[in-house]
Amino acid sequence: MSAASIGIEGALEALDGAAGVASVRAWMERHREALLAHQDGRRINWRALCAWFASVGLLNGKGETPTVRCAQLTWYRVGKWLERRNERAAERAAEALRLEAERESEKAAIQAEIRQRRETEALEKAALRDKMEKAERAAAWRRDEAARVAEHNQRVAAEAAARKARAAAVASAQPTAGHSAVAPAGDTTLVTLDLPQIEGVSYRAYEPFDPTLPPIRKGEINPLSGNAWEFGDDLPGYPSKRGYEFEDDWLRDVGRLLRARHDTTSSMTEEEKFAFRIARGRGRL
């Protein structure tokens with residue numbers, strides 16, 4: 001007979017026989033809780049119980065009818081044994097609950113990590129899409145801006161060439177200080193502003209210009225420098241930015257002309273005050 005074919009029934013019968021299935025201890029182990037519930041806190045009558053043990057043949061560990069002292073001692077030992085057994089069972093249950101809680105916690109942590117990773121990936125993809133869209137919009141704007149600037153530069157260059165040609169035609173006609181000068185050139189009449197001769201004001205302020213050209217506006221591109229005009233629009237009655245390569249040079253001339261025309265800023269328009277203060281603040285006066 002192999003060990004694998006031998007069952008456990010014989011071993012259990014041998015253990016029960018050694019413990020004494022008809023012993024007082026075995027009976028107490030099985031019925032202690034029921035007896036305590038029946039007594040409901042009342043003292044046990046051990047004499048009556050021992051007489052009943054003898055009548056049904058329940059014996060102690062020595063095979064004798066238990067005495068009151070023997071029954072009480074056995075009762076106490078069974079109580080302690082059951083208490084330890086219950087404690088071990090509670091510990092095993094608590095350990096099982098702890099392990100289950102750990103497994104659930106690990107499972108929740110893994111699921112949270114997966115969700116976090118997915119959310120992070122989604123955010124990264126959204127950020128990349130947004131970045132690509134912004135880059136495409138910026139590239140489209142640069143293309144449009146480059147085309148607009150090129151068209152503007154071509155137009156300004158053509159206007160500058162036309163002005164130079166007209167200026168060459170009237171080079172002999174010089175403006176009189178304090179008066180407007182008119183110089184015909186083809187179909188367009190060039191004019192000069194009625195400006196006083198101020199020391200430190202450059203010749204650009206007194207050059208003839210085409211009055212039909214629109215004033216320069218803030219933000220337009222200066223074709224000579226490639227930068228945008230930053231400090232306001234052209235001022236009526238003063239030199240246009242169109243004849244200047246650098247805005248600081250225009251601020252210097254206009255600021256000095258404004259100072260010569262006005263004793264204080266209180267008589268200036270808001271646009272004139274702005275230009276004068278910028279010129280003064282940038283050290284151009």
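Everything quoted here is computed from the prediction, not taken from an experiment.
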Just so I know, are the side chains of [X] and [Y] near enough to count as touching, which here means a heavy-atom distance under 4.5 Å?
| X | Y | value |
| --- | --- | --- |
| P236 | E271 | no |
| L195 | V201 | no |
| R118 | R115 | no |
| F209 | V191 | yes |
| I110 | I114 | yes |

Legend entry - Of all pairs that satisfy side-chain hydrogen bond (donor to acceptor under 3.5 Å, both in side chains), the ones with a partner from residues 53-82, not counting sequence neighbours: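 Those involving residues 53-82 do not exist here.
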
[X] and [Y] ion-paired at < 4.0 Å:
| X | Y | value |
| --- | --- | --- |
| D233 | K218 | no |
| E136 | R143 | yes |
| K125 | E121 | no |
| R25 | E29 | yes |

Hey, is the main chain of [Y] close enough, under 3.5 Å, to the side chain of [X] for a donor-acceptor pair?
| X | Y | answer |
| --- | --- | --- |
| S105 | A101 | no |
| R42 | H38 | yes |
| S23 | A26 | yes |
| R261 | P196 | no |
| D234 | S240 | no |
| W250 | P239 | yes |

Identify each donor-acceptor pair in which a side-chain atom of residues 275-285 lies under 3.5 Å from a protein atom, sequence neighbours left out, and give them as a table.
{"unit_1": "R282", "atom_1": "NE", "unit_2": "D248", "atom_2": "OD1", "d": "2.7"}
{"unit_1": "R282", "atom_1": "NH2", "unit_2": "D248", "atom_2": "OD1", "d": "3.2"}
{"unit_1": "R282", "atom_1": "NH2", "unit_2": "D248", "atom_2": "OD2", "d": "3.3"}

Got more than 12 heavy atoms from elsewhere within 6.0 Å of [atom1], [X]?
| X | atom1 | result |
| --- | --- | --- |
| R103 | CZ | yes |
| N86 | CG | yes |
| E113 | CD | no |

With the 4.5 Å side-chain cut-off for hydrophobic clustering, are [X] and [Y] part of the same group?
| X | Y | answer |
| --- | --- | --- |
| I216 | F246 | no |
| V68 | W52 | yes |
| L224 | F231 | no |
| L73 | L82 | no |
| L99 | L97 | no |

Inset, instruction - Starting from the C-alpha separation in whole Å, work towards a yes-or-no answer on salt bridge (Lys or Arg N to Asp or Glu O under 4.0 Å) for R98 and E102. - result: CA-CA 6 Å; R98 186 186 67 80; E102 285 184 356; 2.3 Å; yes

Legend entry - All side-chain contact (heavy atoms from CB on, under 4.5 Å) counterparts of L123, not counting sequence neighbours: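 Counting only residues at least two positions away or on another chain, L123 forms no side-chain contact (heavy atoms from CB on, under 4.5 Å).
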
Inset, instruction - For E207, check side-chain contact (heavy atoms from CB on, under 4.5 Å) against everything at least two apart and list the hits. - result: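 Counting only residues at least two positions away or on another chain, E207 forms a side-chain contact (heavy atoms from CB on, under 4.5 Å) with Y203.
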
Legend entry - Residues that E247 engages under salt bridge (Lys or Arg N to Asp or Glu O under 4.0 Å), provided they are two or more places apart: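 Only K241 meet the salt bridge (Lys or Arg N to Asp or Glu O under 4.0 Å) criterion with E247.
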
Legend entry - Qualifying residues under ring pair (Phe, Tyr, Trp, His ring centres under 6.0 Å), relative to H262, sequence neighbours excluded: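 H262 satisfies ring pair (Phe, Tyr, Trp, His ring centres under 6.0 Å) with no other residue.
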
